[in-house]
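These numbers come from a predicted model, not from an experiment. Whatever order the structure lists ligands and atoms in, that order sets their numbers, starting from 1.
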Amino acid sequence: MYGEISEPLAADTASGVLTIDLSALVRNYRTLQQRLVPTVAAAVVKADAYGLGAAQVVPALQAAGCRDFFVAHLGEALKLRPVLAADARLFVLNGLLPGAERQCADTGIIPVLNSLDQVTNWASVARARGAELPAVLQFDTGMSRFGLSASDVQELALYPSRLRGVRVLFLMSHLASADEPGDPQNADQLASLHRFASAFPEAELCFANSGGIFLDAAYHGAMARPGIALYGGAPTVGARNALSPVVRLDVRVIQTRTVPAGARVGYGGACVTSRETRLATIAAGYADGLPRHLGDKGAAYFGEVRLPIVGRVSMDSITLDISALPPGELKLGDLVEMIGPHQTLEDIASAAGTISYEILTRLGHRYHRAYR
Ligand SMILES: *Cc1c(COP(=O)(O)O)cnc(C)c1O
């Protein structure tokens with residue numbers, strides 16, 4: 001019975017339709033891979049492929065030739081293993097907690113090692129097995145979040161035996177400002193990565209995220225790790241987005257009404273109508289990933305017509321001003337566009353004061369999900 005609760009909702013009873021275009025996803029993968037040649041494009045599929053469904057996204061990318069996948073946590077990697085091709089590799093970005101090494105090694109998952117302790121623990125599991133175990137070494141080039149520090153690297157250079165048993169596949173770091181090509185932090189991080197890497201002359205680099213792919217080829221290394229660009233998000237702030245939209249979100253109209261001037265709309269009476277207004281209530285709210293910050297700011301679209309959000313966003317509904325439409329045009333059960341050709345992921349994110357990543361990863365599970 002509980003199994004059924006997690007089943008996707010059928011189209012006719014769902015509050016809306018989340019359409020995920022897997023052919024656009026594959027097109028984006030190919031666009032990125034072509035731009036990167038000879039660098040290999042991996043795919044970052046953490047957080048259930050940015051909310052779009054790793055169980056669908058990973059097989060689609062594998063069919064297009066992608067063989068390298070990154071998630072954040074070991075738990076995510078273990079869940080993904082059943083859909084992974086036999087010759088594909090799965091990397092865990094956030095490293096391993098002490099004690100998790102055995103399970104990681106047993107399942108052939110490759111950790112990104114982010115501290116000296118993680119290196120030590122991985123190496124000792126490898127030596128205990130009398131086998132080499134693969135890993136990625138991450139350096140902290142300026143985010144103060146993950147990775148070995150300059151003194152950690154000195155330590156490894158001084159005592160290379162600490163790495164005995166570990167086959168270093170890549171030296172990795174992560175760009176903090178890659179979506180802003182003019183930010184000098186990019187060049188600083190690149191220089192810092194090269195400084196670290198000089199201690200490991202034979203290893204290859206894994207550096208660029210989506211934004212980094214659209215910087216100079218010097219940032220590409222041997223393997224890049226795009227996430228958001230695969231899913232159609234803009235990799236560079238303010239630039240034309242060369243990627244295809246992957247997500248479309250349409251939400252159902254469940255009530256319409258006409259209210260006089262002076263009517264209060266929604267929680268807190270935050271909005272008071274200044275004239276007679278035709279309103280529609282739609283069947284999604286902040287529990288469905290439409291941020292509360294869209295209240296009195298965002299909009300939906302019906303055809304070409306913009307329908308402003310009035311009042312606060314509720315948990316399960318949003319009220320729209322539909323006065324711009326001819327009376328009777330919008331009917332119960334009709335769908336209005338929240339993300340689509342009239343309102344991009346970036347549009348709705350900026351109306352909510354957030355980023356495309358947050359919109360995608362919060363898209364709820366009360367929509368019918370239609371994979372194309
Ligand atoms: C999430 C993540 C990525 C992907 O970043 P995008 O900006 O979505 O391309 C790459 N590398 C690391 C370490 C990450 O955490």
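Here H174 has side-chain heavy atoms under 4.0 Å from ligand 1, and that is the only part of it that gets that close. At a heavy-atom cutoff of 4.0 Å, ligand 1 is contacted by the side chain of Y357 but not by its backbone. Contact annotation for L93 and ligand 1: only side-chain heavy atoms (C-beta onward) come within less than 4.0 Å of the ligand.
Look at D152 and R162 and you find no salt bridge, because none of the NZ, NE, NH1 or NH2 atoms lies under 4.0 Å from a carboxylate O.
More than 12 heavy-atom neighbours from other residues, nucleotides or ligands sit within 6.0 angstrom of NE2 on H342.
Checking only distances, G211 never comes within under 3.5 Å of ligand 1, N or O to N or O. The shortest N or O to N or O distance between Q138 and ligand 1 is not below 3.5 Å.
Among protein heavy atoms, the minimum distance from atom 11 (N) of ligand 1 is reached at R225 NE, 2.9 Å. Counting protein heavy atoms only, atom 8 (O) of ligand 1 is closest to Y50 OH, 2.6 Å. In terms of protein heavy atoms, atom 15 (O) of ligand 1 is closest to K46 NZ, 2.6 Å.
Heavy-atom proximity to S210, at under 4.0 Å, picks out these atoms of ligand 1: 6 (P), 9 (O). The M172 neighbourhood of ligand 1 comprises atoms 13 (C), with distances under 4.0 Å to a heavy atom of that residue.
Taking the six-membered ring where tryptophan is involved, the planes of Y50 and Y231 are tilted, since the angle between them lies from 30° to 60°.
Contact annotation: the side chain of T236 never approaches that of D179 to less than 4.5 Å [non-hydrogen atoms, C-beta and beyond]. No side-chain heavy atom of H293 sits less than 4.5 Å from a side-chain heavy atom of T354. Contact check for S210 versus F214: no side-chain heavy atoms found under the 4.5 Å cut-off. Side chains of R225 and M172 form a contact here, defined as non-hydrogen atoms less than 4.5 Å apart.
A single hydrophobic cluster is seen to contain both V40 and L171, as judged by linkage of ILVMFWY side chains at heavy-atom distances under 4.5 Å, directly or through other members.
Under the 4.0 angstrom criterion for non-hydrogen atoms, P226 is in contact with ligand 1.
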